[in-house]
Amino acid sequence: MGDFNYLHITGVNDLPGYHAAAAFTTKSSEVFKEAEEISPRHVSDKVCYMPWGADDQMPFDIIQLIESDETLSTCQMFNAEVCYGSGLVYQTDDGCLKRVRNEVEEFFLDNDMASYFLGVCQDFKHFGFAVSVIILNEAGNKVVRVLRKEACYVRFAPANKEGVIPQVLYANWRNSVRAEDVEVIPLLNPHSLWTDLQAQVKKGRRKFAVVSRVPTPDHTYYPIPYYASLFKGKWYNIKQLIGVAKEAKLKNSAPIKYHIEIAKSFWANIFKAEGITDRIKQQERVNEEKDNIINFLTGMENSGKVLFSEFYVSPNGEEQHDVVINKIETDKEGGDWATDIIEAVNMMCFTMRVHSNLVGSVPGKTQTNNSGSDKRELYTIAQALQKPYHDLLFNVHRLIIRFNRWDGAYPDCPFIQLTTLDENRDAKQVSPEVTSNK
């Protein structure tokens, strides 16, 4: 039953007897909706976790929506790359001992820091938090390894009476998991990392998780990303629909006459009521129901009738329907949706805080373009805005440096400053420390 979200539901179907088609889509606004009460789930008698969303599939639904749109996926990768900057380094000052410099260099040789840092930057931009794991040597006096745990595979244990989450659970939550498939890792108290680490080491523990999290107004277990408004609003669906409409027109010159939005819970309820668990039979049932809707829209005997679907009323008084059918005007002037695509792309880039010209996502032949100076300034601003994220991501590395007694070392992520041609080079690195002192 957990796989129905990934069935082929979105698509275009021809309308019999009409030179037109109907577009089926899943409601993207439901990805952040909690349809039922969230309560801890048990993987064993002693270990439980808080699900991420009502069906515990929210991160995978988010990834699927992001990967379904070329503009959104490009903006996400751009934001992660800007956050990565020139990469994570441990700077050492002039008074740093040679021993410390050698140990720092050996630490970087034993850990793939480039892959680790780019990974946590992507988790930060996708989900608003990242999880690092530090591993101590057998003696318990040195941190020898730092790893990234992919955020989508991480779940938090319920908080204790003091409001502190004691553990994280790492497993492939796409599928049903067994207790032996789950890695349980002690989580250091994010409000007191240094004190908690010392206390845990005295207990003989050698492996710990550290969470770097973007503070959000609601402060739930799993933060709601800033771009959630893109899915809750209309622009994501508008851009998806324009792409589907143009594809249908190119294939058979048939315009889209109806846009049919279907809640993902609609299919789950059908499968549950009819006891369908086989994935192939579920897809066959989806196709059958889509045909039923199309026959209703095009059948002569249904002329003037209304299709009813189950719905509930939200706390703000809005009706939430399982199936919504929108009729699309097919006499649009020009018929190419060019201005609508530009508007939708610009709204997406605005929500993702990425200027369209920086990722080259503004379509059309006559679009204005920024000068080189404007683009350099936009890129500089984009990197400057990463300062709070770097501060959050550096907490685990300040902890490592302190625990390993690397006096004179500190984490840094230099900016990449684009230069003008008169400097005879395209780019240079600038440390934030130096920039702030100017």
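Because only heavy atoms are used, hydrogens play no part in the values below, and waters and symmetry mates are left out as well, while side chains stay in.
Here CD1 of Ile381 is found 11.5 Å from CD of Gln383. Values are rounded to the nearest 0.5 Å. Rounded to the nearest 0.5 Å, atoms CD1 (Ile401) and CD (Gln91) are 10.0 Å apart. Summarising the geometry, atom CD1 belonging to Ile134 is positioned 5.5 Å from atom CG belonging to Leu188; distances are rounded to the nearest 0.5 Å. Distance SG/Cys121 to CD/Gln386: 8.0 Å, rounded to 0.5 Å. From Met348, atom CE reaches atom CD1 of Ile238 across 10.0 Å, with rounding to the nearest 0.5 Å. Atom-to-atom distance recorded for Ile342:CD1 and Met347:CE is 14.5 Å, nearest 0.5 angstrom.
Residues passing the side-chain hydrogen bond (donor to acceptor under 3.5 Å, both in side chains) test with Tyr84, sequence neighbours excluded: none. Qualifying side-chain hydrogen bond (donor to acceptor under 3.5 Å, both in side chains) partners for Tyr389, counting only residues two or more places apart in sequence or in other chains: none. Remark: Asn395 engages Arg398 in a side-chain hydrogen bond (donor to acceptor under 3.5 Å, both in side chains) (not counting sequence neighbours).
Met352 and Tyr227 make their closest contact through SD-CB, 3.6 Å (heavy atoms, listed as atom of the first residue, atom of the second, distance). Of all non-hydrogen atoms in Leu392 and Arg213, the two that sit nearest each other are CD1-O, 3.5 Å. Taking each heavy atom of Arg353 and Asn79 in turn, the nearest pair found is O-OD1, 4.3 Å. Between Arg155 and Phe60, the shortest heavy-atom distance links the atoms NH2-CE1, 3.9 Å. Of all the heavy atoms in Thr71 and Val345, the pair that sits closest is OG1-CG2, 4.0 Å. Of all non-hydrogen atoms in Ala344 and Lys239, the two that sit nearest each other are CB-CB, 3.9 Å.
The shortest side-chain heavy-atom distance between Val182 and Val184 falls under the 4.5 Å cut-off. Considering only heavy atoms from C-beta on, Gln282 stays 4.5 Å or farther from Asp278 through its side chain. With contacts defined as side-chain heavy-atom distances shorter than 4.5 Å, the pair Phe415/Ser86 does not qualify. Using a 4.5 Å heavy-atom threshold, the side chains of Val131 and Tyr153 count as separate. Contact annotation: the side chain of Ser356 approaches that of Asn346 to within less than 4.5 Å [non-hydrogen atoms, C-beta and beyond]. Contact of the Val143 side chain with the Ile135 side chain is not registered, since no non-hydrogen atoms from C-beta on lie closer than 4.5 Å. Looking at heavy atoms from C-beta onward, Arg285 lies in side-chain contact with Ile270 at the 4.5 angstrom threshold. Between Val43 and Cys48 there is no side-chain heavy-atom pair separated by less than 4.5 Å.
Tyr236 and Thr351 are not linked by any side-chain donor-acceptor pair at a separation below 3.5 angstrom, with hydrogens and angles left out of the test.
With ring centers used as reference points, Phe156 lies under 6.0 Å from Tyr222. His397 has its ring centre less than 6.0 Å from the ring centre of Tyr116. Between Phe350 and Trp235, the gap from one ring centroid to the other reaches at least 6.0 Å.
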>> As a quick check of understanding, evaluate side-chain contact (heavy atoms from CB on, under 4.5 Å) for Leu393 and Phe124, giving each step before the final call.
In response: CA-CA 9 Å; Leu393 291 173; Phe124 238 46; 3.9 Å; yes
>> Run the ring pair (Phe, Tyr, Trp, His ring centres under 6.0 Å) test on Tyr90 and Phe108 for me, step by step, so that the C-alpha distance in whole Å, both residues' side-chain angles and the decisive distance to 0.1 Å come before the verdict.
In response: CA-CA 9 Å; Tyr90 286 2; Phe108 270 67; 4.9 Å; yes
>> Pair Ser132, Val120 - check side-chain contact (heavy atoms from CB on, under 4.5 Å), show working.
In response: CA-CA 8 Å; Ser132 304; Val120 296; 4.3 Å; yes
> Do Tyr410 and Asp412 pass the side-chain contact (heavy atoms from CB on, under 4.5 Å) test, and can you show the C-alpha distance, the side-chain angles, and the key distance before you say yes or no?
Replying inline: CA-CA 7 Å; Tyr410 59 92; Asp412 190 17; 4.3 Å; yes
>> Test salt bridge (charged side-chain N to carboxylate O under 4.0 Å, His left out) on Lys281 and Glu288; report intermediate values, then the result.
In response: CA-CA 10 Å; Lys281 292 182 178 179; Glu288 178 186 348; over 6 Å; no
> Going through the checks in order, is the side-chain contact (heavy atoms from CB on, under 4.5 Å) test met by Tyr49 and Trp173?
Replying inline: CA-CA 11 Å; Tyr49 70 96; Trp173 303 102; 3.6 Å; yes
> Checking side chain to side chain donor-acceptor pair (under 3.5 Å) for the pair Gln283/Asn287: CA distance, chi angles, key distance, verdict?
Replying inline: CA-CA 6 Å; Gln283 184 62 64; Asn287 294 334; 3.3 Å; yes
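Within 6.0 Å of CD on Glu70 lie more than 12 heavy atoms contributed by other residues, nucleotides or ligands.
Panel note: side chain Glu150, backbone Tyr170; no donor-acceptor pair is recorded below 3.5 Å. Counting only distance, with no hydrogens or angles, the side chain of Arg145 and the backbone of Asp110 share a donor-acceptor pair below 3.5 Å. For the pair Asn111 (side chain) and Met113 (backbone), a donor-acceptor distance under 3.5 Å is absent. Distance alone, capped at 3.5 Å, places no donor-acceptor pair between the Asn189 side chain and the Leu193 backbone.
Under the 30°/60° scheme for interplanar angles, the aromatic rings of Phe117 and His390 are found to be tilted. Between Trp52 and Phe127, the ring planes are perpendicular. Angles over 60° get that label, and only those under 30° would be called parallel.
For Lys149 and Asp123, the salt-bridge test fails: no basic side-chain N is under 4.0 Å from an acidic carboxylate O.
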